[in-house]
Student: 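One structure coming up, written as structure tokens, with questions to follow.
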Amino acid sequence: SDRTIQIVDPKATFVATGIDFHASSNQWIVCGMYSSQIAFVSAEKISDGNVNSTTMLDLPKDSFPFEVTIGPDGKFAYVSLWGQAAVAQI
């Protein structure tokens with residue numbers, strides 16, 4: 001069945017763009033382009049339908065995180081920052 005997963009309040013300026021799964025922490029990592037934030041969402045919470053405890057990471061203002069990928073060793077995620085012509089290691 002198709003299902004929408006609400007990451008943040010729909011009135012927020014988050015705008016989910018890139019997403020990747022971090023297996024060792026069992027979390028989805030979601031870029032919020034317009035809010036300059038990264039959301040960490042527990043896969044368990046998604047399966048329960050409860051994402052109210054999403055952890056947010058604030059990035060520099062107007063960094064516009066767009067895409068995320070997990071590094072080959074799984075220790076870090078790399079986020080493209082459109083507003084800074086850079087990549088952040090988180």
Side-chain angles (χ1 to χ4, degrees):
S1 72
D2 292 348
R3 188 173 126 193
T4 299
I5 300 164
Q6 197 66 52
I7 302 299
V8 298
D9 185 321
K11 295 176 186 166
T13 58
F14 187 77
V15 184
T17 52
I19 183 170
D20 203 355
F21 185 71
H22 188 254
S24 63
S25 67
N26 198 33
Q27 293 185 80
W28 288 98
I29 302 174
V30 184
C31 293
M33 190 164 124
Y34 293 132
S35 66
S36 293
Q37 293 177 306
I38 302 293
F40 298 89
V41 184
S42 165
E44 292 174 11
K45 300 248 186 249
I46 288 174
S47 64
D48 292 345
N50 176 17
V51 294
N52 293 331
S53 61
T54 298
T55 301
M56 304 300 284
L57 171 66
D58 293 326
L59 296 173
K61 182 176 172 39
D62 296 331
S63 59
F64 301 119
F66 187 76
E67 187 60 63
V68 60
T69 190
I70 305 299
D73 62 4
K75 291 182 181 180
F76 297 100
Y78 298 88
V79 179
S80 65
L81 303 176
W82 278 21
Q84 295 185 340
V87 174
Q89 177 182 324
I90 59 171

Student: Just jot down the side-chain contact (heavy atoms from CB on, under 4.5 Å) partners of Leu57, sequence neighbours excluded, or say none.
Tutor: Ile38, Phe40, Leu59, Ile90

Student: With sequence neighbours excluded, give me every ring pair (Phe, Tyr, Trp, His ring centres under 6.0 Å) pair touching residues 71-90.
Tutor: Phe66-Trp82

Student: Consider only side-chain heavy atoms of I, L, V, M, F, W and Y, link residues closer than 4.5 Å, and tell whether Val30 and Met33 are in one cluster.
Tutor: no

Student: Out of curiosity, Ile29 CD1 to Thr55 OG1, how far, rounded to the nearest 0.5 Å?
Tutor: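 Taking CD1 in Ile29 and OG1 in Thr55, the distance rounds to 11.5 Å.
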
Student: Can you get from Val8 to Trp28 by hopping between Ile, Leu, Val, Met, Phe, Trp and Tyr side chains that sit under 4.5 Å apart?
Tutor: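 They do share one cluster, since a chain of ILVMFWY contacts under 4.5 Å joins Val8 to Trp28.
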
Student: Can you list everything that forms a side-chain contact (heavy atoms from CB on, under 4.5 Å) with Gln37? Sequence neighbours excluded, please.
Tutor: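 Testing Gln37 for side-chain contact (heavy atoms from CB on, under 4.5 Å), a comparison that skips the adjacent residues, returns Phe14, Ser35, Met56, Asp58.
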
Student: Taking side-chain hydrogen bond (donor to acceptor under 3.5 Å, both in side chains) as the test, write out the residues that go with Ser25, two or more places apart.
Tutor: His22, Gln27

Student: Other residues, nucleotides and ligands only: do more than 12 of their heavy atoms fall within 6.0 Å of CZ on Phe21?
Tutor: yes

Student: Test of understanding: with side-chain contact (heavy atoms from CB on, under 4.5 Å), list the residues that count as partners of Ser36, not counting sequence neighbours.
Tutor: Ser63, Pro65

Student: Excluding sequence neighbours, so at least two apart, what forms side-chain hydrogen bond (donor to acceptor under 3.5 Å, both in side chains) with Ser80?
Tutor: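 For Ser80, no residue satisfies side-chain hydrogen bond (donor to acceptor under 3.5 Å, both in side chains) once neighbours in sequence are set aside.
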
Student: Which atom names give the shortest non-hydrogen contact between Ile70 and Asp20, and what distance separates them?
Tutor: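 Of all heavy-atom pairs spanning Ile70 and Asp20, the closest is N-OD2, 2.9 Å.
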
Student: Return the set of residues passing side-chain contact (heavy atoms from CB on, under 4.5 Å) with Asp62 (not counting sequence neighbours), or none when no residue passes.
Tutor: Phe64

